[in-house]
Amino acid sequence: MNQLLVQTSWWVPLYSLLGAIITLPWSSAIVRRTGPRPGAYINLLATIVAFIHGGFLFRTTWGNGPEFIVINWLSTGDLDLSFVLEISQMSTGAMELITGLSLVAQVYALGYMEKDWSLARFFGLMGFFEAAMSGLAISNSLFLSYALLEMLTLSTYLIVGFWYAQPLVVTAARDAFLTKRVGDILLLMGVVSVGTLAGSFNFADIEVWAETAELSPMVANFLGLTLIAGPIGKCAQFPLHLWLDEAMEGPNPASLLRNSLVVSCGAYVLIKLSPVVSLSPFAETTLIVVGTMTAIGASLVAIAQIDIKRTLSHSTSAVLGLVFIAVGMQHVDVALLLLLTHAIAKALLFTSIGSIILTTSNQNITEMGGLWSKMPATTLAFVIGSAGTIALIPLGNFWAMERWVNGFWSVPWWLLLLLIVFNGLTALNLTRVFCLVFLGQTQPKTRRAPEVPWPMAVPMVSLSIVTLLMPLMLQNWQLLLSWAGPWARNGPDPAVFGLPLVVLSGIVGCIVGGVIYLNPNRTEPVELPWKPLQDLFAYDFYIDKLYRVTVVLAVQQFSRFTAWIDRYFVDGLVNFVGLATVFSGQGLKYTVPGGSQLYVLTILIGVTLLGLLMSSLL
């Protein structure tokens, strides 16, 4: 039975893909009599089957070594494109997390999008989303992983542009697709290079090759930079981070998956490529620099946003910045733990704010207030999700930070300072949102806000329970370090100094946020004393305008130049040849006598001259 589960593990991604295909008649509105709900139920059933199958598979693989399934696709000469699947406790656990959160998002969508006329199309796209992510979780092939990342890019474009009748939605979908393509092109170069150098696309073979590989510094640097370019775009890291903010124009259930799982898929591939990236110290430094800039910069930008979805999306980029730093420092276990704890907590936050958006028909946090008494379950969910996002004992993110700060004396001082600032800013941001949305006086848009119906309440409460139980789950999975862990041999206990500072920063952030936003004499909105600094954060460090005067302007000018060349040079040359042919033909018809003897003589002379010319050249 166990072997049968392993051999059929590749069915799990196919369940959701098959559900998306079966619902095409409803998604494309070919079937209208029954309405769109049957299509939604079929996709939901496929996800439930995938979740159950994945659960049994996870229990089977727990404590066992990895097994590999090889699917031969193309083999010719020296080229062997075989799809290898890794069935291990980590890969099946990641796949189970994906199917579980996808199930939560789909049940949530039944209530959130109850009256949407394209419900079946949305669920079909969610199934496509889930299939790509589930396949990516168990893929042990770099080539297959790249193809699945491209599926995610296409899925992002389609699902962000779901409400395509709105101009902002179309713009957001286009920008998300094009921004990701920038990193994907460079990643493709790296994929081809790694496959050529290592002689295989399998991650296991690539890791073995990287242990003994001897590359010149230039080759190693270029290879490392191309491999991290794709994850930078997928994970919304600086300077390719604006797409995630714009992608919030899509439906909230899709934003739930995008902020908890989709952005993590790029980091998951980066973690698998870390042995190759480690060949280039410059690439590792780049990861650390990019991660640091994004972690601090996105945290500051989040505090200046008034759209409730955008303020959380920027915090997602900030957390992924920490993951990049962990990978750059070869702290892979910390990176995986950060991805796990962040996915659960951020999914819970998006279920709570989705409830607020649905009941108030508003996303501006400055127009809200007093919702704690009207939506108690939503309020509690937001509090638990916020506590799980910051380093607050005993919830999940605390243990991720504890695992990182555990070796305080070997961790550089700047990293500890970074974690303190990041945790404090995150706590300040979430406290700010909580005070403006749930506390204070009710506003016109929040006076009649009821609690959400059960299709939205059940996923929200379920995620709240999972977030609270995360420490027990980590303990059972042996992912927690004891307080008597591998400390430095000399000197005082580092936990006494390092970890409490991180925890204290979160408490200070909550206190500062409460003091600012619970002050009855504060002005609306709260602004920094120096307005240019406020605008710098509010407009995302003017990155969008910087793009317009650099990349966008360069592309426009180059496009105009090539259009001029095409119109006046290429087309002009072709038109000149055509006109010359027409006029010469018209002129010749008045000069030839029409005798066949003259034609034969002309052809003979021409062939003779051509032969003499060719013989002289040879």
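If you read the sequence from its start, that first residue is 1, and numbering goes on from there. Quick caveat: nothing in here was measured; it's all calculated off a predicted structure. Heavy-atom basis, side chains included; hydrogens, waters and symmetry copies ignored.
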Tell me if the CD atom of Glu214 is crowded by more than 12 foreign heavy atoms within 6.0 Å.
no

If we count only N and O atoms by modelled type, under 3.5 Å, do the side chains of Thr92 and Glu96 hold a donor and an acceptor together?
no

Would you please classify the geometry between the Tyr164 ring and the Trp117 ring as parallel, tilted or perpendicular, with 30° and 60° separating the classes?
perpendicular

When every non-hydrogen atom of Met460 is compared with those of Ser352, the smallest separation belongs to SD-CA, 3.8 Å

Could you tell me which residues satisfy side-chain contact (heavy atoms from CB on, under 4.5 Å) with Ser260, sequence neighbours excluded, listed by chain and number?
Leu101, Leu256, Ala343, Ala347

Pick from Leu45, Leu17, Ile42: which one makes a side-chain contact (heavy atoms from CB on, under 4.5 Å) with Ile22?
Ile42

If the condition is side-chain contact (heavy atoms from CB on, under 4.5 Å), which residues does Ala283 pass it with, not counting sequence neighbours?
Val277, Ser280

Taking only residues at least two apart or on different chains, which pairs with a member in residues 217-234 satisfy salt bridge (charged side-chain N to carboxylate O under 4.0 Å, His left out)?
Asp184-Lys234

Do Gln89 and Thr61 get their side chains close enough for a donor-acceptor pair, meaning under 3.5 Å?
no

Not counting sequence neighbours, which residues clear side-chain contact (heavy atoms from CB on, under 4.5 Å) with Thr285? List them please.
Val289

Do Met95 and Met133 have side chains that approach each other closer than 4.5 Å (heavy atoms only, starting at C-beta)?
no

Looking at residues at least two apart in the chain, or sitting in another chain, which of them share a side-chain contact (heavy atoms from CB on, under 4.5 Å) with Ala40?
Leu110, Leu119, Phe123

Could you pull out every donor-acceptor pair under 3.5 Å between side chains of residues 317-336 and any protein atom, sequence neighbours left out?
{"unit_1": "Ser317", "atom_1": "OG", "unit_2": "Ala236", "atom_2": "O", "d": "3.2"}
{"unit_1": "Gln330", "atom_1": "NE2", "unit_2": "Glu284", "atom_2": "OE2", "d": "3.0"}
{"unit_1": "Gln330", "atom_1": "NE2", "unit_2": "Val327", "atom_2": "O", "d": "3.4"}
{"unit_1": "His331", "atom_1": "ND1", "unit_2": "Trp404", "atom_2": "NE1", "d": "2.9"}
{"unit_1": "Asp333", "atom_1": "OD2", "unit_2": "Arg403", "atom_2": "NE", "d": "3.0"}
{"unit_1": "Asp333", "atom_1": "OD2", "unit_2": "Arg403", "atom_2": "NH2", "d": "3.4"}

Will you find, in the side chains of Thr47 and Glu130, an N or O donor that is under 3.5 Å from an N or O acceptor?
yes

